[in-house]
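Some notes on the structure that comes next.
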Amino acid sequence: MQYWLFKSEPDVFGIEDLATRPQQTEPWDGVRNYQARNYLRDDVGLGDQVFFYHSSCKTVGIAGVAEIVRASYPDPSQFDSASDYYDPKASEEKPRWYSVDVKLVERFNKVLTLKEIKANPHITELGLVKKGHRLSVMPVSQTEWQLLYDLAKA
DNA sequence: GCCAACGTTGGC
DNA sequence: GCCAACGTTGGC
């Protein structure tokens with residue numbers, strides 16, 4: 001089992017939206033960065049735990065936890081010419097982008113803010129705290145997962 | 001295959 | 001809305 005952090009803009013899709021979905025489950029689509037794609041396609045597995053991170057909003061930080069309930073499959077939005085995520089270079093035979101499905105596990109009472117995360121001296125490997133890191137899907141070590149989880153619940 | 005121009009991300 | 005830091009594109 002592995003741990004991840006997924007970023008989303010709550011104005012587009014936030015943890016509140018996940019909470020109101022049927023089965024509290026939603027496809028994680030629209031990832032259009034190759035490194036993030038590789039994680040989704042190759043490494044994100046069924047049952048993996050995910051920090052749901054809110055970016056580009058008033059309270060930036062980790063809003064809760066989700067779980068992978070369906071592993072890697074071709075992101076349907078790449079084939080949909082009406083979608084913002086349409087990719088004319090992708091084909092059914094040769095998909096370029098991948099999705100997974102996530103299910104809500106818990107919403108934190110309070111968002112663990114980026115500021116708090118950065119202020120913690122033990123959080124050093126996480127991509128978030130490294131300068132210029134913009135990946136929307138990133139791995140989290142078990143150690144840092146536990147630390148962040150405890151911080152969020154404190 | 002280099003690299004300048006351009007586009008995007010995301011915190012502030 | 002600004003802008004730094006990246007990623008991608010495309011001409012050569």
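Naming convention: chains lettered A, B, ... in sequence-line order (proteins, then strands); numbering from 1 in each chain. Since this is a predicted model, take the numbers as computed values, not measurements.
Remark: of the listed residues A:Y34, A:F79, A:Y86, A:Y34 is the sole one forming a ring-ring contact (aromatic ring centres under 6.0 Å, His included) with A:W97.
Of all heavy-atom pairs between A:L126 and A:L148, the closest is CD2-CD1, 4.0 Å. The minimum heavy-atom distance between A:Q78 and A:R96, with the atom names listed, is OE1-N, 2.9 Å.
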Output a table of donor-acceptor pairs, distance under 3.5 Å, between side-chain atoms of residues 50-74 of chain A and any protein atom two or more places apart or on a different chain; print 'none' if there are none.
unit_1 : atom_1 : unit_2 : atom_2 : d
A:H54  : NE2    : A:I15  : N      : 3.1
A:S72  : OG     : A:R41  : O      : 3.4
A:Y73  : OH     : A:D101 : OD1    : 2.4

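In this pair, A:F13 and A:W28 present their aromatic rings perpendicular. The plane angle is above 60°, beyond the 30 to 60° band.
One end of the helix from B:dG1-C:dC12 to B:dC12-C:dG1 points its axis 10° away from the other end's axis, with each axis taken from 5 pairs and the angle rounded to 10°.
Note that CG of A:L135 is 10.0 Å distant from CG of A:L128, once rounded to the nearest 0.5 Å. For the atom pair CE (A:M138) and NZ (A:K130), the distance works out to 9.5 Å, reported to the nearest 0.5 Å.
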- Message: I'd like to compare against my own output: the B/S/- annotation of nucleotides 5-12 of chain B with a strict under-4.0 Å heavy-atom distance to protein.
- Response: ---BBBSS

